[in-house]
Amino acid sequence: MWATFLEAHQAVSDLLEINPNGLYCPAGNFYIDPWRQVSHAVITHAHADHARPGSERYLCASSGKHVLRTRMGNNATINTVRYGERFSIHGVDVSLHPAGHLLGSSQVRVSHRGVTWVVTGDYKLQHDSTCECFESVPCDVFVTESTFGLPVYRWPEPATVADEINTWWRANADAGCTSVLLSYALGKAQRVASLLDPSIGPIYGHGAVMKLVEAYRASGVRLPPIDRIPPRSRKIGGGRGIVIAPPSAAATNWINRFGETSIAMVSGWMLLRGVRRRRGFPKGFILSDHVDYPDLMQAVKASGAQRVLVTHGFTDIVARLLTERGYQAEILPTRFIGEERPDRSAVDKNLEDDMQSPESE
Amino acid sequence: MQRFSDLYWKLDSTTSTNQKVAALRDYFGSVPPQDAACALSVLCGAKQVRAISTRLLREWAAEAAELPLWLVEESYAHVGDLAETLALILPEQLTNLSGGSGTTADQSSLSLSHFMHETVIDLKGKPDVYKRQKVEETWRRLKPRERIVWHKLVTGGCRVGVSRTLVARALAELSGLEPTTLAERMMAATIETAEDFQSLISTEPTSVDGLRPYPFFLASPMSGEVHELGSITEWQAEWKWDGMRAQIVRRSAGISIWSRGEEQMNDAFPEIVNAAESLPDGTVLDGELLAALPNNLLPFSMLSKRASRKRVGKKILTEIPAVFVAYDLLEAHGKDIRSEPISFRRKELLAIVPTGFEKRPAPAGGVVKLKVGNGNTNDRLFHSPLVPGGTWDELGCARQNARYRGVEGLMLKRTTSSYAHGRQRGDWWKWKVEPLEIDAVLHYAQAGHGRRAGLHTDYTLGVWDGNQLVTIAKAYSGLTDEELIEIDKIIRSTTIERHGPVRIVKPTLVFQLAFENVSKSTRHKSGIAVRFPRIARWRRDKSPHEAATLSDLKALLEQITGE
């Protein structure tokens, strides 16, 4: 199976190619976000579907070190470089550039014999005070994610969403009802915290969230005061409090400890009424750490690339559209070959992207 | 329009009935009566005008958003709701469109009735160029959320997740009237104008009484053990007929046959209207319309074929003659007797409709001649006879054999019960026969809509005819969300071919299909139609070749109908 698979993708795999371990650079003998354990792994960011444990050496952006450490454990060998700093791996010119996805997330620029590739990992163009801003890097071949690559996905301004969240929180607080915000433990939770107005009430974090809040603080990111949840936590903060928790916590008894709550999900998928309804969240806030459709188109254009490889998401649709618009566009398969369309299960996976099971405290 | 849109989203965002009622009450209490009338007809699911085809609307939206049409289609497939898809792709500010002046967002506060008239009703039958100009102008006037609601209105597909009962409750709170009074008035009157609405909530008696039916009382499905209902002497049993529930209203104002969906069906059943002439003035019967030849009941599919017609010709009248089997009397000699016990109402019913409707007894084969003939009351109007049974076990036996009589089971009614309104548990139970079941194989699958968008949840199931699968049913329900997700994955990985949204899959998935009955069908390739198909469970333990064959089904048909 791999033989035919590789053959089919030979054409696109000069500087980087897919092999059974993941996205590989033969000239430099390293992988980017490998699927399996390898000797040299360049990591775009610490989410579980990009950073997998067990490889011999990891390389990431210096600002992402603490976060990656919490994920890979104390024994992992993690080397870091500053954004924009050029270095050589077996003669291949490599540098990392901010992707704006979460703290320390990188685009990987790989240049060799006059050809430059940029692998975005996951990225967004929107403002986010908890991480470095996306930087457009000129290249010949642009590898882009397409999680939200349909024109229905256009994000509202983060400031508007922040206002909506704070208004909702204030109304709950005034009613003496604890607010619970569900969001991924890594990246989204910290971004959400940065948008909260601490004058409304105290902010609390679920254990899975707190571990990463500490990693963010250790990396120098400024966040409002966030406390661990006290043991007897009914009506925390006299019902004026807000809890940030991973989505899986909503399905467990853990949530019941707060007495009367108002629960809201924070995710890009909340843009769709159908998703909100079937997930059973009465309230949803639209905030994503991935590019929306207009920003995806803009990023492609800004890269100056003629060739675009589309991965993770609505690959066939985005590739078709880019082809119609004159690009040489192809699908870059992800680990799960076969179905590229983000179906319902993919939507659910992404809602719970990088979530850990709720921990007891 | 803005207020209506706000109401729509408020109703959408909560599952609490109290909050829904409050939202409705606030809305109706704050808008002018002509808007209330307009909103009410939408909320109650009145037939809507399709002013613009969805095809045109999506083409225009694609152009306005500068997107290829295929991309809009792909987006729709993902979102599962066209109105929402189009609203999401349209630019917030439509500056690139030709014609019209700048945006005037405050115009969205225009009254709903004006708005509906100008941007929906008025467009019907107009040339496309005019429609398009109006559409673009309207987009410019509305905010994205309002556009979703308007897209639904202009394509005639605006359905809101509230029941009439809730609407009646909200209007009752507003007017101080009883919810039942409102439910009755809503059922009879067409509410189109401000005056209609005002008289609906008026505390004065209104003029709509003429031919108005009563709200139907609905039985609940038996869930527990029948013995738990107490002494059998407190109950009466009737057959549960497999026809269409209807009320015949015979008053000085005339005759009207009402479906449960509150549509007048006089045109579809002229012989019943004729027969009802002989009923005394001031009579309302509740019962079942059935299709029946002199010696045989016809399957439900034939009745429904007939009911959907505007006009029925001689051919249909001869081939699919209808009868009305009454099981309750709601009004006698102009007096509402719904609060009397059913034992009393039944006595009165038998005085007005003396002939009982008999069907061939079990087992199959024996046939009782039905007197269906020349249009006399006695030949068209019957009462539903009681099913005798001294013990619950005896009735249990009768229920077991129900299918062979062409009925769905038994109805159990407490002899002291009054005729209530809506579905109130406790006094009326439907005790249906256990469903028939076979194992069928998934053949085709299609993505669902709404809540199930993006998931393949619409299944076409088949049974084996040699080594070919023949389709016997489409089924949409009966599986858990988790199962649906898992099956969706299997469907994607076993797809052989795609025809637009439909996937032909390799036969690997076996489902236990439950259904109420089987009948012959010329519409289906298999020659057999199953009634109320739904999935009972996913048979992971079975391989596709262990599933049923067409001859199994034919044997079942023969056993049940004797055909």
Side-chain angles (χ1 to χ4, degrees), chain A residues 146-157 160 168 251 262 264 268-284 286 292-294 296-297 313-325 336-352, chain B residues 8-10 12-16 19 61-62 65-68 70-92 144-145 148-149 161 447-457 481-482 484-495 498 503:
Chain A
S146 57
T147 312
F148 291 102
L150 280 183
V152 292
Y153 290 107
R154 289 180 298 174
W155 306 142
E157 284 301 317
T160 313
W168 165 80
S262 179
W269 300 111
M270 290 296 113
L271 188 113
L272 295 191
R273 176 172 166 260
V275 176
R276 278 197 310 273
R277 286 168 73 89
R278 68 180 167 235
R279 298 278 311 187
F281 295 122
K283 190 83 190 163
I286 305 162
D292 62 1
Y293 172 87
L296 170 57
M297 292 301 141
F314 293 96
T315 49
D316 54 345
I317 294 173
V318 173
R320 178 176 169 191
L321 183 71
L322 291 173
T323 305
E324 283 184 7
R325 295 192 173 171
F336 309 98
I337 318 148
E339 191 71 30
E340 290 290 336
R341 188 73 44 85
D343 51 14
R344 164 82 163 281
S345 45
V347 169
D348 283 10
K349 177 197 149 287
N350 278 300
L351 275 177
E352 272 141 44
Chain B
Y8 180 92
W9 290 110
K10 255 187 212 162
D12 183 71
S13 68
T14 178
T15 48
S16 141
Q19 280 182 29
E66 296 173 335
L67 294 170
W70 67 263
L71 185 53
V72 177
E73 301 292 353
E74 290 281 5
S75 300
Y76 173 36
H78 171 70
V79 175
D81 180 317
L82 187 68
E84 186 182 0
T85 307
L86 300 186
L88 288 172
I89 61 164
L90 282 170
E92 202 151 328
R145 260 158 61 108
I148 298 185
V149 179
H449 287 93
R451 220 179 79 84
R452 296 165 148 197
L455 264 191
H456 291 84
T457 56
D481 282 1
E482 289 70 35
L484 288 174
I485 291 169
E486 202 181 334
I487 291 165
D488 178 73
K489 275 192 201 145
I490 299 174
I491 288 169
R492 286 167 193 271
S493 62
T494 55
T495 299
R498 286 177 71 164
R503 287 167 185 253

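All values below were derived from every heavy atom in this structure, side-chain atoms included, with hydrogens, water molecules and symmetry-related copies excluded.
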* **Qualifying residues under side-chain hydrogen bond (donor to acceptor under 3.5 Å, both in side chains), relative to B:Thr495, sequence neighbours excluded** => B:Arg503

* Asked: Quick one: are A:Phe314 and B:His78 in side-chain contact, heavy atoms under 4.5 Å?
  -> yes

* Between A:Ile317 and B:Trp70, is any pair of side-chain heavy atoms under 4.5 Å apart? -> yes

* **Distance-minimising heavy-atom pair for B:Pro68 and A:Leu321** => CG-CD1, 3.8 Å

* What closest approach, in Å, do B:Glu66 and A:Arg325 show between heavy atoms, and which atom pair accounts for it? -> O-NH2, 4.0 Å

* **Largest heavy-atom contact set with chain A, pairs under 4.5 Å, which of B:Leu86, B:Leu90, B:Thr85, B:Ile148** => B:Leu90

* Residue pair B:Glu84 / A:Arg273: nearest heavy atoms and the distance that separates them -> OE2-N, 2.9 Å

* **Flag side-chain contact, heavy atom, 4.5 Å: A:Tyr293 against B:Leu67** => yes

* Asked: Can you name the closest pair of heavy atoms from A:Val152 and B:Ser75 and give their distance?
  -> CG1-CB, 3.9 Å

* Asked: Considering residues at least two apart in sequence or located in another chain, which fulfil the side-chain hydrogen bond (donor to acceptor under 3.5 Å, both in side chains) criterion with B:Thr494?
  -> none

* Asked: With a 4.5 angstrom heavy-atom cut-off, which part of A:Arg154 approaches chain B: side chain, backbone, both or neither?
  -> side chain

* Choice from A:Lys283, A:Arg320, A:Glu324 maximising heavy atom contacts with chain B below 4.5 Å -> A:Arg320

* To do: For residues B:Leu88 and A:Leu272, determine if any side-chain heavy atom of one lies less than 4.5 Å from a side-chain heavy atom of the other.
  => yes

